[in-house]
Amino acid sequence: MTEPVKPKRRYASERRLEQAAGTRAAVIAAARTLFVETGWKATTIAAVARAAGVSSETVYAVFSSKEGLLRAVIEASIRRDRPDTPLLEQAGPQGLAAAGDQREVIALFARDIAAVLGSVADLMAVVRTAAETDAEMGALYRGLHEGRRRNLSFAAAALLKHGPLRGGIGEAEATAVLWRLASPELFLLLTRTEGLGAEAYAGWLAETLEAVLVAPRQA
């Protein structure tokens, strides 16, 4: 009695999944380059498809639209080397919950957010520029910043877990401070215009957040 050929079918299914994942990654990489180098308006699905070595129909089938593609590129840039893991479930944000005090929370946060911003800030600039003339991009830009605020409340809560903040600052106000100072716009100003490296930016951010949020040490 012979065995069924399920292993071959499983192998074929896994192979298709790997190919699909490879195609998706290639399209996202090509789209990221084009969006950053040529902007929202000049980047077309056809150009992305050519750069990725696939058909335009494939790009539409996977991402539905140019906006859907840009959203996917931004998500991949935020998640970096763990594309299937939401940002707040990754090691950086999760490490905040295990930190020993507020200063450690801030130091860990500054290093991690510097890496995130280094990956995604250029794309946020693309959306911001497009938002000036495109209502849909304006909605996307606002939505991305609202998402940032929601995510950053995680860091504010981690700080408050270790006691009150300077001046009795609450979670909402602490979240607003993080949202403003760790913005992609300010990151680009300090790194591209002023010329700070990522490590120097993280150090500046940690020092600034500590000065604004953390109560002075007892003498």
Side-chain angles (χ1 to χ4, degrees), residues 24-52 54 56 58-80 83 86-88 109-110 112-156 172-198 200-202 204-205 208-209 212:
R24 180 182 177 87
V27 172
I28 285 176
R32 177 188 172 87
T33 298
L34 287 170
F35 279 130
V36 171
E37 291 184 353
T38 67
W40 163 254
K41 189 172 182 180
T43 298
T44 65
I45 292 292
V48 172
R50 284 195 301 272
V54 300
S56 296
T58 296
V59 178
Y60 279 114
V62 176
F63 301 99
S64 300
S65 64
K66 190 165 82 166
E67 182 180 341
L69 175 58
L70 179 56
R71 286 178 179 274
V73 173
I74 291 171
E75 180 182 273
S77 297
I78 292 171
R79 295 181 178 185
R80 294 166 289 162
L87 178 64
L88 292 185
F109 169 78
D112 188 60
I113 201 67
V116 173
L117 291 171
S119 180
V120 78
D122 281 336
L123 291 164
M124 287 291 288
V126 171
V127 181
R128 184 182 70 252
T129 301
E132 296 174 359
T133 56
D134 188 312
E136 289 186 1
M137 287 297 100
L140 175 59
Y141 185 63
R142 291 189 297 274
L144 290 169
H145 276 299
E146 288 166 4
R148 286 183 57 244
R149 190 183 292 270
R150 287 192 299 271
N151 285 342
L152 290 170
S153 66
F154 184 90
E173 189 176 351
T175 299
V177 169
L178 294 166
W179 184 79
R180 293 164 187 156
L181 290 177
S183 71
E185 293 80 5
L186 187 51
F187 174 83
L188 288 178
L189 176 67
L190 295 180
T191 57
R192 297 292 174 79
T193 304
E194 187 175 351
L196 293 184
Y201 166 81
W204 168 85
L205 181 61
T208 305
L209 290 174
V212 174

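These numbers were taken from a predicted model, which means no experiment stands behind them.
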Hey, what's the ring geometry for Y201 with F187, parallel, tilted or perpendicular (30° and 60° as the breaks)? perpendicular

Walk me through whether R142 and H145 qualify under side chain to side chain donor-acceptor pair (under 3.5 Å). CA-CA 5 Å; R142 291 189 297 274; H145 276 299; over 6 Å; no

Is the number of heavy atoms from other residues, nucleotides or ligands under 6.0 Å of E136 CD greater than 12? no

Would you please test R192 and D122 for side-chain contact (heavy atoms from CB on, under 4.5 Å) and show each step? CA-CA 10 Å; R192 297 292 174 79; D122 281 336; 2.8 Å; yes

Please name the pair of heavy atoms, one in [X] and one in [Y], separated by the smallest distance, quoted to 0.1 Å.
| X | Y | answer |
| --- | --- | --- |
| A131 | G138 | CB-CA, 3.6 Å |
| I28 | A76 | CG2-CB, 4.0 Å |
| A46 | S56 | CA-OG, 3.5 Å |
| V59 | A49 | CG2-CB, 4.0 Å |
| S153 | T175 | CA-OG1, 3.4 Å |
| R80 | S119 | CG-OG, 3.9 Å |

Any chance you could lay out the side chain to side chain donor-acceptor pair (under 3.5 Å) test for T38 and T43, step after step, and finish with the verdict? CA-CA 6 Å; T38 67; T43 298; 2.9 Å; yes

Are T129 and Y141 close enough, and set up right, to give a side-chain contact (heavy atoms from CB on, under 4.5 Å), and what steps lead you there? CA-CA 10 Å; T129 301; Y141 185 63; over 6 Å; no

Stepwise salt bridge (Lys or Arg N to Asp or Glu O under 4.0 Å) check, E67 with R71: CA-CA 6 Å; E67 182 180 341; R71 286 178 179 274; 3.2 Å; yes

